[in-house]
Amino acid sequence: MLQIHNSLTKQKEIFTPIEPGKVKLYVCGMTVYDLCHVGHARVMVVFDVVTRYLRASGYEVTYIRNITDIDDKIIARANENGESIQQLTERNIAEMHQDADALGVIRPDQEPKATEAMAEMVAMIETLIAKGYAYAADNGDVYYDVSEFETYGKLSGRNIEELRSGERVAINEAKNDPLDFVLWKAAKPEEPSWDSPWGQGRPGWHIECSAMSANCLGEHFDIHGGGQDLQFPHHENEIAQSEGAHGCKSVNYWMHNGFVRIDDEKMSKSLGNFFTVREVLKNYSAEVIRYFILTSQYRSPLNYSDESLEQAKSALTRYYTALRDVDALVDVKWQDDADYGVRFKEAMDDDFNTALALSVMADVRQALNKETDNKQARYLAGLLNSFGDVLGLFQQNAEDFLSGGNDDEAAKIEALIVQRNTARAEKDWAKADQVRDELNEMGIVLEDNQGKTTWRKA
RNA sequence: GGCUGCGUGGCAGAGUGGUCAUGCAGCGGACUGCAACUCCGUUAACGCCGGUUCGAUUCCGACCGCAGCCUCCA
């Protein structure tokens with residue numbers, strides 16, 4: 001039975017969907033003013049695996065991941081670049097898709113954009129005002145009156161008193177209370193704006209997710225995910241908005257993934273210590289990044305380092321080496337496997353423990369390497385692929401992974417291998433080793449197996 | 001300051017009241033012309049101090065250290 005750690009209750013709970021057999025999932029996606037970094041990659045990969053596993057478990061999943069395409073940073077960046085907001089956001093959306101595709105992340109069923117949900121947002125704000133949860137200020141802004149929402153703070157484990165005593169609450173004279181948050185911002189000159197009952201303006205950040213999730217999934221849905229940093233205030237405010245406007249519980253299970261860190265510090269744009277996916281891809285294949293992300297449970301911090309990437313690369317190389325020479329059966333389903341399959345399920349059912357699931361796969365790999373019976377070996381390889389489908393691993397041809405995309409050099413490498421094998425046949429070891437050294441310098445490792453020589457990228 | 005969470009072997013990272021994680025690396029061996037791959041074996045851990053217990057890395061408490069949130073952030 002699947003258990004999910006619910007941020008709302010801070011404990012693992014048995015997952016029960018609202019509608020049997022169906023799961024409605026909403027994840028907060030990117031604000032598209034720049035390229036994705038490894039932290040964004042983690043969110044995408046984690047919830048990709050959640051979706052894949054739910055589907056493999058028989059659920060029909062509707063997966064929504066929004067795109068924030070209007071906010072302060074976007075406006076600022078577009079101005080800096082001297083381009084339109086649309087140019088900036090469209091380009092970054094394309095870049096994001098490129099990264100996500102490289103990482104083997106399946107596209108969400110819908111990717112709603114904030115700018116395409118203006119009518120829904122305005123309507124929701126009107127409802128909130130009508131119900132007394134929000135007020136229009138003199139300056140044209142509309143604010144949410146936090147004191148009106150009784151359970152404000154339930155997600156982040158705070159109460160209004162605590163928040164009020166915090167040192168960093170910004171002072172804003174238009175608000176009745178510093179804790180109130182903005183639903184609608186009056187337009188400043190030169191800023192993009194939309195019509196509203198409160199004049200020209202644009203939405204606050206939080207309202208878009210309340211509007212779009214309700215729009216795509218309904219007022220009450222199963223799982224809402226995102227990075228841990230969104231828990232407060234973003235998701236807290238989302239609850240206040242959605243539940244205030246709709247008068248019902250909005251989300252059953254809140255899932256928050258841990259941060260990617262560098263030297264024990266959160267990787268973030270504001271700290272400037274981030275690596276974009278694009279940068280990392282120059283040195284490591286996307287699948288290595290994906291494997292690295294899956295080596296830790298999604299709620300744990302994940303420390304980014306070259307060493308960790310190297311470890312992931314070595315581990316993945318061993319899997320592909322094991323898979324390379326076997327003609328895997330294609331119709332193997334891990335769900336039918338009484339040994340490894342059961343252990344894999346137990347791991348994944350326990351709040352998507354991919355780290356533990358990978359250890360099961362390591363056992364399968366070893367069994368595969370030891371297996372002398374060809375039929376059984378083909379089964380084990382198929383099993384490994386079947387697990388890989390859930391984690392989004394082993395989706396490429398083993399040869400392609402191991403050659404590291406060195407196709408242009410392949411002919412040269414093959415020629416050198418022939419040279420070396422000729423030398424070996426003549427027992428000219430000096431010559432054979434010299435050729436191998438030459439290949440090593442090209443970053444190519446040779447493997448002599450059962451009279452056959454294969455190569456891979458180091 | 002308030003609120004969360006965390007501290008496991010060289011590194012990464014699961015987990016458990018009393019036999020094993022696993023991966024990377026290391027060491028010894030088999031295989032190999034030598035390597036690589038693979039296999040076999042192997043080393044090594046549970047922040048600190050108390051408490052509960054027959055027994056605690058695992059439960060409880062104090063302490064120390066770290067991170068995150070309280071402001072935009074995945």
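The figures that follow rest on heavy atoms only: side chains count, while hydrogens, waters and symmetry mates do not.
Using C1' as the reference atom, B:rU22 and B:rA14 are 7 Å apart when rounded to the nearest Å. Nucleotides B:rC49 and B:rA35, compared at atom P, are 46 Å apart to the nearest Å. Comparing B:rU58 with B:rG15, their C1' atoms sit 9 Å apart, to the nearest whole Å. Comparing the C1' positions of B:rC63 and B:rC69 gives an interatomic distance of 24 Å, to the nearest angstrom. B:rC46 and B:rG10 are spaced 15 Å apart, taking the C1' atom of each and rounding to whole Å. With C1' as the reference atom, B:rA30 and B:rC64 are 49 Å apart, rounded to whole Å. Atom C1' of B:rC6 sits at a distance of 32 Å from the matching atom of B:rU42, rounded to the whole Å. Nucleotides B:rG33 and B:rA45 have their P atoms positioned 39 Å apart, rounded to a whole Å.
Listed pair A:K10 / B:rG5 fails the phosphate criterion, with no side-chain N or O lying under 4.0 Å from OP1 or OP2. Of the side-chain N and O atoms in A:Q450, none sit less than 4.0 angstrom from OP1 or OP2 of B:rU38. Considering only side-chain N and O atoms, A:T31 lies under 4.0 angstrom from the phosphate OP1 or OP2 of B:rA74. Residue A:S300 places at least one side-chain N or O closer than 4.0 Å to OP1 or OP2 of B:rA14. Between A:R318 and B:rC39 there is a side-chain N or O to OP1 or OP2 distance below 4.0 Å.
Whole-Å rounding puts the A:L316 CG to B:rA12 P distance at 20 Å. Atom CG of A:L368 is separated from atom C1' of B:rC37 by 13 Å (rounded to the nearest Å). Between the CG atom of A:D306 and the P atom of B:rA25 there is a distance of 16 Å, given to the nearest Å. Per the geometry, NZ belonging to A:K457 stands 18 Å off C1' belonging to B:rC37, to the nearest Å. Between the P atom of B:rA36 and the CG atom of A:D437 lies a distance of 13 Å, rounded to the nearest Å. Residue A:L402 contributes atom CG, which lies 12 Å from atom P of B:rC37 at whole-angstrom precision. Look at CG on A:N159: it is 10 Å from P on B:rC3, rounded to the nearest Å. Between the CD atom of A:E111 and the P atom of B:rA74 there is a distance of 15 Å, given to the nearest Å.
Taking only distance into account, the side chain of A:Q311 meets the base of B:rC11 through a donor-acceptor pair shorter than 3.5 Å. Contact of A:N353 with B:rG15 (side chain to base): no donor-acceptor pair of N or O atoms is detected under 3.5 Å. Looking at A:Q228, its side chain has no donor and acceptor atom pair within 3.5 Å of the base of B:rG68. The base of B:rA35 lies close enough to the side chain of A:D448 for a donor and an acceptor atom to sit less than 3.5 Å apart.
Here B:rA14 is the nucleotide among B:rA14, B:rU22, B:rA67 with the atom lying nearest to any side-chain atom of A:Q297. When distances run from any side-chain atom of A:D264 to the nucleotides B:rA67, B:rA74, B:rG33, the shortest one goes to B:rA67. Here the side chain of A:E447 is nearest to one of B:rC37, B:rC24, B:rG33, namely B:rC37. Listed candidates were B:rG2, B:rC34, B:rA14. Nearest to the side chain of A:R420 is B:rC34. Here the nucleotide nearest the side chain of A:M267, chosen from B:rU38, B:rA74, B:rC69, is B:rA74. Proximity note for A:R158 (side chain, C-beta onward) versus B:rC70, B:rC24, B:rA36: the nearest is B:rC70. Nearest to the side chain of A:E265, among B:rG23, B:rG68, B:rC70, sits B:rG68.
Every stem involving RNA chain B, taken as at least 3 paired positions in a row under the Watson-Crick or G-U wobble test at 3.5 Å, is listed here: B:1-7 with B:64-70, B:10-12 with B:22-24, B:26-30 with B:38-42, B:49-51 with B:59-61.
Within 4.0 Å (heavy atoms only), A:S314 reaches sugar-phosphate atoms of the nucleic acid but no base atom. Within the 4.0 angstrom heavy-atom criterion, base atoms lie near A:D433. The residue A:V360 sits apart from the nucleic acid: no heavy atom pair falls under 4.0 Å. Note on A:E310: nothing from the nucleic acid sits closer than 4.0 angstrom, heavy atoms only. A:N449 comes within 4.0 angstrom of a nucleotide base, judged by non-hydrogen atoms across all strands. Among the atoms of the strands shown, none is found under 4.0 Å from any heavy atom of A:Q231. Nucleic acid contact class of A:H37 (heavy atoms, under 4.0 Å, all strands): base. Heavy atoms of A:F292 sit nowhere under 4.0 angstrom from any nucleic acid atom. In this structure, A:G226 reaches the sugar-phosphate backbone alone: every heavy-atom distance under 4.0 Å involves primed, P, OP1 or OP2 atoms, never a base. No contact: A:R299 has no heavy atom under 4.0 Å from any strand. A:L230 comes within 4.0 angstrom of the backbone, heavy atoms only, and of no base. Within the 4.0 angstrom heavy-atom criterion, only backbone atoms of the sugar-phosphate kind lie near A:T321; the bases stay farther away. When heavy atoms are screened at a 4.0 angstrom cut-off, A:M44 is found touching no nucleic acid atom at all. Across all strands shown, A:R343 has no heavy atoms under 4.0 Å from either base or sugar-phosphate atoms.
Listed for the A:E13 side chain is no donor-acceptor partner under 3.5 Å among the backbone atoms of A:N6.
Each of A:G29 and A:K370 has a nearest nucleotide on RNA chain B; the 5'-most of these lies closest to A:K370. Closest-nucleotide positions on RNA chain B for A:R42 and A:D263 were compared, and the one nearer the 5' end corresponds to A:D263.
Side chains of A:K185 and A:P203 form no contact here, defined as non-hydrogen atoms less than 4.5 Å apart.
Other residues, nucleotides and ligands contribute only 12 or fewer heavy atoms inside 6.0 Å of the CG atom of A:D263. Heavy atoms from other residues, nucleotides or ligands lying under 6.0 Å from CD of A:E80 number more than 12. The neighbour count for A:E83 CD, taken as heavy atoms of other residues, nucleotides or ligands under 6.0 Å away, is above 12.
Stacking of A:K175 on the aromatic ring of A:F181 is not recorded, the 6.0 Å distance cut-off and the 45° axial limit not both being met. Judged by the 6.0 Å and 45° rule, A:R261 forms no cation-pi pair with A:Y304. No cation-pi contact links A:R77 to A:Y33, judged by a cut-off of 6.0 Å to the six-membered ring centre and 45° from its axis.
Of the options A:D351, A:N257, A:T354, a side-chain hydrogen bond (donor to acceptor under 3.5 Å, both in side chains) to A:Y298 is made by A:D351 and by none of the others. A salt bridge (Lys or Arg N to Asp or Glu O under 4.0 Å) with A:R202 is found for exactly one of A:D71, A:D72, A:D69, namely A:D72.
Note: A:F149 and A:Y144 have perpendicular aromatic rings, judged against thresholds of 30 and 60 degrees for the angle between ring planes.
If you take CZ on A:R299 and OG on A:S7, they are separated by 8.0 Å, rounding to the nearest 0.5 Å.
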